[in-house]
Number of protein chains: 2
Amino acid sequence: MTVLCGDCRIVLQSINDSSIDLVYMDPPFFTQKTHALVNRDGNASYSFEDTWESIETYLAFMREVLIQCKRVLKDTGSIFVHCDRSASHHLRVLLDQIFGPEHFQSEIIWTYRRWSNSKKGLLPAHQTIYFYSKTENFKFNVLFTDYSPTTNIDQILQARARNEKGKSVYRRDQHGNIVAGKEKKGVPLSDVWYIPFLNPKAKERVGYPTQKPVLLLERIIKIATDSGDSVLDPFCGSGTTLVAAKLLGRTYIGIDISREAVSLSEERLRQPIKSESQLLVVGEEGFRMKSNYERNLLKALDAVPVERNSGIDGFLFIDEQPIPVRIQKDDEDIATARQKLKAASRAKQCSSMILIRTKTENNLCLFETEDDDVLVIDAYDLIIRSWLHKRKYRKKTTVS
Amino acid sequence: MTVLCGDCRIVLQSINDSSIDLVYMDPPFFTQKTHALVNRDGNASYSFEDTWESIETYLAFMREVLIQCKRVLKDTGSIFVHCDRSASHHLRVLLDQIFGPEHFQSEIIWTYRRWSNSKKGLLPAHQTIYFYSKTENFKFNVLFTDYSPTTNIDQILQARARNEKGKSVYRRDQHGNIVAGKEKKGVPLSDVWYIPFLNPKAKERVGYPTQKPVLLLERIIKIATDSGDSVLDPFCGSGTTLVAAKLLGRTYIGIDISREAVSLSEERLRQPIKSESQLLVVGEEGFRMKSNYERNLLKALDAVPVERNSGIDGFLFIDEQPIPVRIQKDDEDIATARQKLKAASRAKQCSSMILIRTKTENNLCLFETEDDDVLVIDAYDLIIRSWLHKRKYRKKTTVS
DNA sequence: AGGGAGCCTGAATCCTCAA
DNA sequence: GTTGAGGATTCAGGCTCCC
């Protein structure tokens, strides 16, 4: 959980063999340019050199770094190397040499829309991330995306079989009825990722050149590690990788040769939630911090999410009047939840509040009182689960 | 305007120096597999070998072909080499050697959605096309695409200038009014192309493995040539390049080592057909039938949305069992909604269903019957609206 | 061990049948 | 006839399982 300053070829030597679960690196791309950007308030400027004598010098440097990275990786670990069209082919040849072509897993295309320039040629709108594993036995979590709107989901739910000619057909039982298949979670994530490029005006920007979106790093970390695993970024720059790792509960080590970059990373890490939310709109960051479950509930309510720890999870606006919303937490009973919501709302002068109940209680004596200003609504999954439970029980008794 | 049969390394020798405007090639990808496919009507079968002793053998072969291609290209000509992740990096190193890294123009990513599989890792969903020119003085036509929906069109149309600090600002006349700029045609085409993969069921398919969509070739030909120019494809296969060239009024030469492929190309050229992709005509959004409201409701239920069934809006999975979900539509009463849901679910053999009520009815006589298999849940906004209404009324009566 | 056969997959078309 | 909903079809994949 540190950010180290120095040449990563040297600093990496202090890291133990087989101790890291994921290496992500965003090294110089061999653009042969100096990258500089002035900070928001204009008083600090970060820059780094990406000029090299020749491609051979560049590759010799990268070779040293990659060999060290392989050494520190666990056998179940993987490496993601970010590059652009300047030298991606040379880097992949190098990766083949060091990690072995059989450990190549994916060529990830990060694509985005960007302001057009009037260059003769096609507008560059992608960068490449090479994904190699150390062994065949690498850790991989499948992320799922939505089905294409052209897909007949109701159809692909049906179980399938082969007929006598070996053709794929839907399976039918002895009555000729269709047989239902297994659960569908969605389509496994593909190797082409559309993630918006950090807009020059984005609040997330901290003034560091080549800064990557947190969303991109979150996705990589989720794919290759579990909670508590270790993430290493030998060219950490503004520390985006480390922030994403911290937000996802992974441990992290960052290295950068620039004193300023290390300070900037440390600053961002000190309070990633707070400092990030100063930079980001509350809604955006609040959205990322909430669990999917709460986020979806708030969306269905059409409520605007707010930050945690305040007793209020979001606000619903009806006739321009804000109505505080709280979702009952796993570790609290409905009375506590109501109390917290009322306490937090008192200061806001709100007379109507909404509480979403997510659990059944042992004693169901607490109900919405007639003159209360809190509306208690049961979460959909709570309603469904108790209905199914009731039905099951009823069927059993009917049979007996 | 011919299709020649033979090894392209030999056949190319018969083509004059500096006589071709565009070379497109779709060589073997070094997949180390034999690709075979049976024709639609089942009476013909095409196949080709893509197995090699080593990567060196493959590259030696490709080197010979590429050197010949450079020779026959005009000084204003360009070459587009289609490859996939198997050997793209090696091919680009080769292209750098033969055409010079300074003549590298673009790494085009052709991306698409396709049937998936149970791979451990990311689903491959792109192929790469390298675009090199013979000299700096190459022919290039800018194609335009639509602006992204987030772009403010009004702003683009305004003329721009630089202020005293060199920053880009909108130009204003002496009265401070914004000056309208030149007409813009859209965003110049980027190097990431989303073009639907030739679907297994597409009519355009002729039964040749690895067949490419005509649309992809049309785009390349439009970029690099004008009407009447010459196009060469040394691995023409089923002749897609030649068909696209003919449709666009370019002259063409195709070469293939397989007698069957040459016959197939000749046959296709006799009646060049381009099938319209429904997906491209309508657009992905055209297939999405759900409102944001409905989508958010389904998400809160943790249900998978269904786009192509008029009775079912989504599926919820509990204990791996699919449960159909329907959201009551604006123009239907709850009885109709229930009836449609039950009708659609009958074929799916589902015994439990969920119906989301979104409106109150005048006669509230219809309730969930004890033995029913449909659970009716009120949408959150319905609950909230009726609660607020009730409170308002109660307060009024209290005051009076 | 290594290699071939068979299985699971979902996108996007074609195609059928009902209204 | 004409339209449109939804059922049927098949693959430049990649896994497992079985000799």
Side-chain angles (χ1 to χ4, degrees), chain A residues 105-106 136 140 142 144-163 165-172 178 181-188 190-191, chain B residues 26-40 42 46-51 82-87 110-128 194-205 207-213 235 237-238 240 275-284 286-287 289 304 306-312 340 343-344 347-348:
Chain A
Q105 298 301 337
S106 287
E136 296 75 46
F140 187 86
V142 182
F144 291 96
T145 54
D146 290 341
Y147 287 93
S148 165
T150 58
T151 302
N152 309 9
I153 294 121
D154 53 331
Q155 242 190 316
I156 61 170
L157 263 176
Q158 297 161 191
R160 286 197 267 184
R162 301 253 165 195
N163 68 6
K165 284 177 190 161
K167 286 209 169 191
S168 177
V169 292
Y170 292 116
R171 177 172 294 155
R172 288 170 191 279
I178 277 160
K182 288 194 224 90
E183 173 177 5
K184 300 281 173 179
K185 291 174 192 151
V187 186
S190 87
D191 59 3
Chain B
D26 183 17
F29 286 174
F30 191 66
T31 54
Q32 300 289 39
K33 280 179 201 153
T34 303
H35 297 275
L37 207 63
V38 180
N39 197 347
R40 183 116 303 165
Y46 303 99
S47 73
F48 68 89
E49 276 287 326
D50 182 17
T51 49
H82 199 126
C83 44
D84 83 348
R85 61 194 199 287
S86 312
W110 170 36
T111 163
Y112 44 80
R113 296 189 80 137
R114 216 187 31 184
W115 57 90
S116 73
N117 54 42
S118 46
K119 177 179 158 52
K120 177 184 180 182
L122 301 163
L123 201 63
H126 76 275
Q127 290 174 15
T128 307
Y194 176 74
I195 294 177
F197 194 84
L198 207 53
N199 191 270
K201 291 293 292 178
K203 262 192 183 161
E204 192 177 311
R205 270 192 188 265
Y208 194 85
T210 79
Q211 190 184 337
K212 302 290 176 294
F235 299 92
S238 59
T240 307
S275 75
E276 292 277 295
S277 154
Q278 197 58 25
L279 178 61
L280 275 186
V281 172
V282 180
E284 197 169 74
F287 281 90
M289 294 300 163
V304 178
V306 173
E307 294 285 358
R308 287 193 34 178
N309 188 303
S310 61
I312 299 170
K340 283 188 181 169
K348 313 286 176 200

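Protein chains get the first letters and strands the later ones, always in sequence-line order, with residue 1 at the start of each. Being a predicted model, the structure only gives us computed values, none of them experimental.
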For a quick check of understanding: with a heavy-atom distance under 4.0 Å over all strands, which category does [X] fall into, base, sugar-phosphate or nothing?
X: A:T150; answer: base
X: A:G186; answer: sugar-phosphate
X: A:Y170; answer: base
X: B:K212; answer: base
X: A:D154; answer: sugar-phosphate

Nearest to the [X] side chain among [options], which nucleotide is it?
X: A:R160; options: D:dG14, C:dT9, C:dT13; value: C:dT9
X: B:P124; options: C:dG10, D:dG14, D:dA8; value: D:dG14
X: B:L279; options: C:dA12, D:dC11, C:dA11; value: C:dA12
X: A:N152; options: D:dC11, D:dG7, C:dA11; value: D:dG7
X: B:R308; options: D:dG14, C:dT13, D:dC11; value: C:dT13
X: A:V187; options: D:dG6, D:dG14, C:dG10; value: C:dG10

Short question: side chain of B:R205, backbone of B:N199 - any donor-acceptor pair under 3.5 Å?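 Present.
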Between B:S116 and C:dA11, is there a side-chain N or O to OP1/OP2 distance below 4.0 Å?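 Negative; the distance criterion is not met.
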Original post:
So, is A:K185 near the phosphate of C:dT9, with a side-chain N or O under 4.0 Å from OP1 or OP2?
Top reply: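 Answer is no, no contact under 4.0 Å.
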Quiz item: Does the pair B:R308/A:D154 count as a salt bridge with the N-to-O cut at 4.0 Å?
Solution: no
Counter-base of C:dT9, judged by Watson-Crick or G-U geometry with both distances under 3.5 Å: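 None - no nucleotide pairs with C:dT9, as no candidate has both distances under 3.5 Å.
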Requested in this report: Please tell me which of B:N117 and A:Q155 maps to the more 5' nucleotide of DNA chain C, matching each residue to the nucleotide holding its nearest heavy atom.
Outcome: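 Its nearest nucleotide lies further toward 5', so the answer is B:N117.
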